[in-house]
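Quick one: this structure, given as structure tokens, is what I'll be asking you about.
All values below come from the heavy atoms of this structure, side chains included, with hydrogens, waters and symmetry mates left out.
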Amino acid sequence: MPQVEQFGMELRACGAALVGEVRNERAEGAVCVYPLPGVGVVTSHRLRVLRDLPFSESGLVGLCIATLSRDSLALCPVAPRRSGGGVAVFGQDRSTRSYPLRAGSVQDAVSMTLLPGWLAQLGDAHRVSARELVEGVGETVPDEVAGTLNQVLRAATPLFGGSLVDGRSVMGLVGRATGVALAWHEERERAEAAAGTLVQARLVRAARLCVARHLGDPLTLDGLARDLLTSRSRLCAAFRAETGESLGSYVTRARMERALALLEVASVSVADVARAVGYPRTSSFTVAFERAFGCSPSVWRGHLR
């Protein structure tokens, strides 16, 4: 509700769903929500942001399976596989996040957020996999898995070609999407174990999660290694072997990619962008940005107009 209310939207009951529309100076679009007591919530929204505005959302511990527009994907702590958007599987926590929404951005999404209590009722193997996904790094799934999940998620909402369904049908879609996501995770784990890279891959995924959640903090390689209960040398070697990129370069790239997204929001100052991506001093951020993109943040922003 707090997220919906920020757009000036009111929800009304429509069968098993709650639906609402908005058309004001802030945004235009619609939302469809299925509350599933003891299970979680299925939410879909089509929103076009009409002016720069601050936005806050409060999470809850659980597993989220979502199909996201490019603009929505950029706000999630996940590792995208392609620039056009995708289907993401990621764990949520109780943190409250605040960030600016850019005028003209398209915040389209369909998501299933499933509570730990419901996930705990799954079979032993699936229960372990669900916990690993909740606690692990968020990722977009490969194309062949994304196609199936996208179809299942969209079937639950009239906003994306599906239809309003009853509670039993929603639960059927939840069960199917959960099964597909967990099967993907388990198959990947088996493949990594067979290749002898499972431990390394898990360490690298944990490192990426840590970086995604702490981009605004003074990250250091020693600090990351300490948080992950390993040595700096082992962590850096594992990261390069798994990704072909140094961990230090990855941290810088992640910060710069986040900075680009924030600089598109005219109401956010360069100083605020710098702090949001871990640079307390704007001058240090400017140097890093110029090294990455060949111009200052202000010049880059000017080219957007």
Begin with the C-alpha distance, continue with both residues' side-chain angles, and end with the deciding distance and a verdict on side chain to side chain contact (heavy atoms under 4.5 Å, CB included) for Glu57 and Gln92. CA-CA 11 Å; Glu57 62 178 359; Gln92 290 194 155; over 6 Å; no
Could you tell me which residues satisfy ring-ring contact (aromatic ring centres under 6.0 Å, His included) with Phe160, sequence neighbours excluded, listed by chain and number? none
Of all residues at least two apart in sequence or in a different chain, which pass the ring-ring contact (aromatic ring centres under 6.0 Å, His included) check with Phe239? Tyr250
Please check this pair: side chain of Arg255 against backbone of Val277, looking for a donor-acceptor N/O pair closer than 3.5 Å. yes
Side-chain touch Leu182/Leu122, heavy atoms, less than 4.5 angstrom: yes
With a 4.5 Å cut-off on side-chain heavy atoms, are Phe289 and Leu263 touching? yes
Can you list every pair that meets side chain to side chain donor-acceptor pair (under 3.5 Å) and has a residue in residues 10-23, with sequence neighbours left out? Arg12-Glu21, Arg23-Glu28
Partners of Ser163 by side-chain hydrogen bond (donor to acceptor under 3.5 Å, both in side chains), sequence neighbours excluded? none
Where do Val145 and Val87 land on the side chain to side chain contact (heavy atoms under 4.5 Å, CB included) test, with the steps shown first? CA-CA 9 Å; Val145 181; Val87 177; over 6 Å; no
Distance, nearest 0.5 Å, that separates CG of Leu219 from CG of Leu247: 9.0 Å
Interatomic distance, Arg190 atom CZ to His185 atom NE2 [nearest 0.5 angstrom]: 10.0 Å
Ignoring hydrogens and angles, tell me if any N or O in the side chain of Ser44 forms a donor-acceptor pair with the backbone of Thr157 under 3.5 Å. no
Test of understanding: with side-chain hydrogen bond (donor to acceptor under 3.5 Å, both in side chains), list the residues that count as partners of Arg240, not counting sequence neighbours. none
Quick one, Leu11 and Val31 - any side-chain contact, counting heavy atoms below 4.5 Å? yes
Exam field: side chain Thr197 to backbone Gln200, donor-acceptor pair closer than 3.5 Å: no
So, does Arg26 use its side chain to make a donor-acceptor pair with the main chain of Gln6 at under 3.5 Å? yes
Per the side-chain contact (heavy atoms from CB on, under 4.5 Å) rule, which among Val170, Leu153, Val165 passes with Val42? Val170
Closest contact, heavy atoms only, Asn24 versus Gly8: ND2-CA, 4.3 Å
Does any part of the side chain of Glu189, heavy atoms only, come nearer than 4.5 Å to the side chain of Val128, both counted from C-beta? no
Just how far is it from atom CZ of Arg131 to atom CG of Leu63, taken to the nearest 0.5 Å? 13.0 Å
Atom of Cys64, atom of Ser111 and distance for their closest heavy-atom approach: SG-CB, 3.9 Å
By side chain to side chain contact (heavy atoms under 4.5 Å, CB included), Val199 pairs with (sequence neighbours left out) Arg234
Could you check whether any side-chain heavy atom of Arg202 comes within less than 4.5 Å of a side-chain heavy atom of Glu132, counting everything from C-beta outward? yes
Heavy-atom closest contact (Ala13 atom, Leu18 atom, distance): CA-CD2, 3.8 Å
When you measure from the side chain of Arg46 to the backbone N and O of Leu159, does any donor-acceptor pair fall under 3.5 Å? yes
Distance-minimising heavy-atom pair for Trp118 and Gly38: CB-O, 3.6 Å
Report yes if the side chains of Val152 and Val180 come closer than 4.5 Å at any heavy-atom pair, otherwise no. no
Does Asp108 use its side chain to pair, donor to acceptor, with the backbone of Leu47 at less than 3.5 Å? yes
Exam field: side chain Asp52 to backbone Val265, donor-acceptor pair closer than 3.5 Å: no
For Ser58, what residues pass the side-chain hydrogen bond (donor to acceptor under 3.5 Å, both in side chains) criterion, not counting sequence neighbours? Thr96
Which side chain to side chain donor-acceptor pair (under 3.5 Å) pairs, counting each pair once, include a residue from residues 274-283, with sequence neighbours left out? Asp272-Arg275
Could you walk me through whether Trp184 and Val89 satisfy the side chain to side chain contact (heavy atoms under 4.5 Å, CB included) test, starting with their C-alpha distance in whole Å, then the side-chain angles of each, then the deciding distance to 0.1 Å, before giving a yes or no? CA-CA 10 Å; Trp184 159 69; Val89 178; 4.2 Å; yes
Please enumerate all residues that pass side chain to side chain contact (heavy atoms under 4.5 Å, CB included) together with Leu115, with sequence neighbours excluded. Leu60
For Ala292 versus Met256, what's the shortest heavy-atom pair and its separation? CB-CG, 4.0 Å
Hits for side-chain hydrogen bond (donor to acceptor under 3.5 Å, both in side chains) against Arg226, two or more places apart or cross-chain, chain-then-number order -> none
CG (Leu173) and OG1 (Thr178) are apart, to the nearest 0.5 Å, by 10.5 Å
If hydrophobic clusters are built by linking Ile, Leu, Val, Met, Phe, Trp and Tyr wherever their side-chain heavy atoms come under 4.5 Å apart, do Phe7 and Leu50 end up in the same one? no
Heavy-atom pair of closest approach, residues Leu262 and Ala276: CD1-CB, 3.7 Å
Check whether any side-chain heavy atom of Leu221 lies under 4.5 Å from a side-chain heavy atom of Leu235, and answer yes or no. no
From Arg208 CZ over to Thr243 OG1, what is the distance, rounded to the nearest 0.5 angstrom? 8.5 Å
Is any side-chain heavy atom of Leu164 closer than 4.5 Å to a side-chain heavy atom of Cys32? yes
For residues 23-48, pull every pair meeting ring-ring contact (aromatic ring centres under 6.0 Å, His included), keeping only residues two or more places apart or in separate chains. none
For side chain to side chain contact (heavy atoms under 4.5 Å, CB included), just list the numbers for Arg213 and Asp93, CA-CA rounded to whole Å, side-chain angles, deciding distance to a tenth of an Å, and then say yes or no. CA-CA 11 Å; Arg213 287 181 172 174; Asp93 56 27; 3.9 Å; yes
Is there a chain of hydrophobic side chains (I, L, V, M, F, W, Y, each step under 4.5 Å between heavy atoms) that links Val49 to Val4? yes
Basic-acidic side-chain contact under 4.0 Å: Glu242, Arg205: no
Got a second to check how far Glu192's CD is from Glu187's CD, nearest 0.5 Å? 10.5 Å
Do you see a donor-acceptor pair shorter than 3.5 Å between the side chains of Ser72 and Gln107? yes
So the salt bridge (Lys or Arg N to Asp or Glu O under 4.0 Å) pairs with at least one residue in residues 160-183 (sequence neighbours excluded) are none
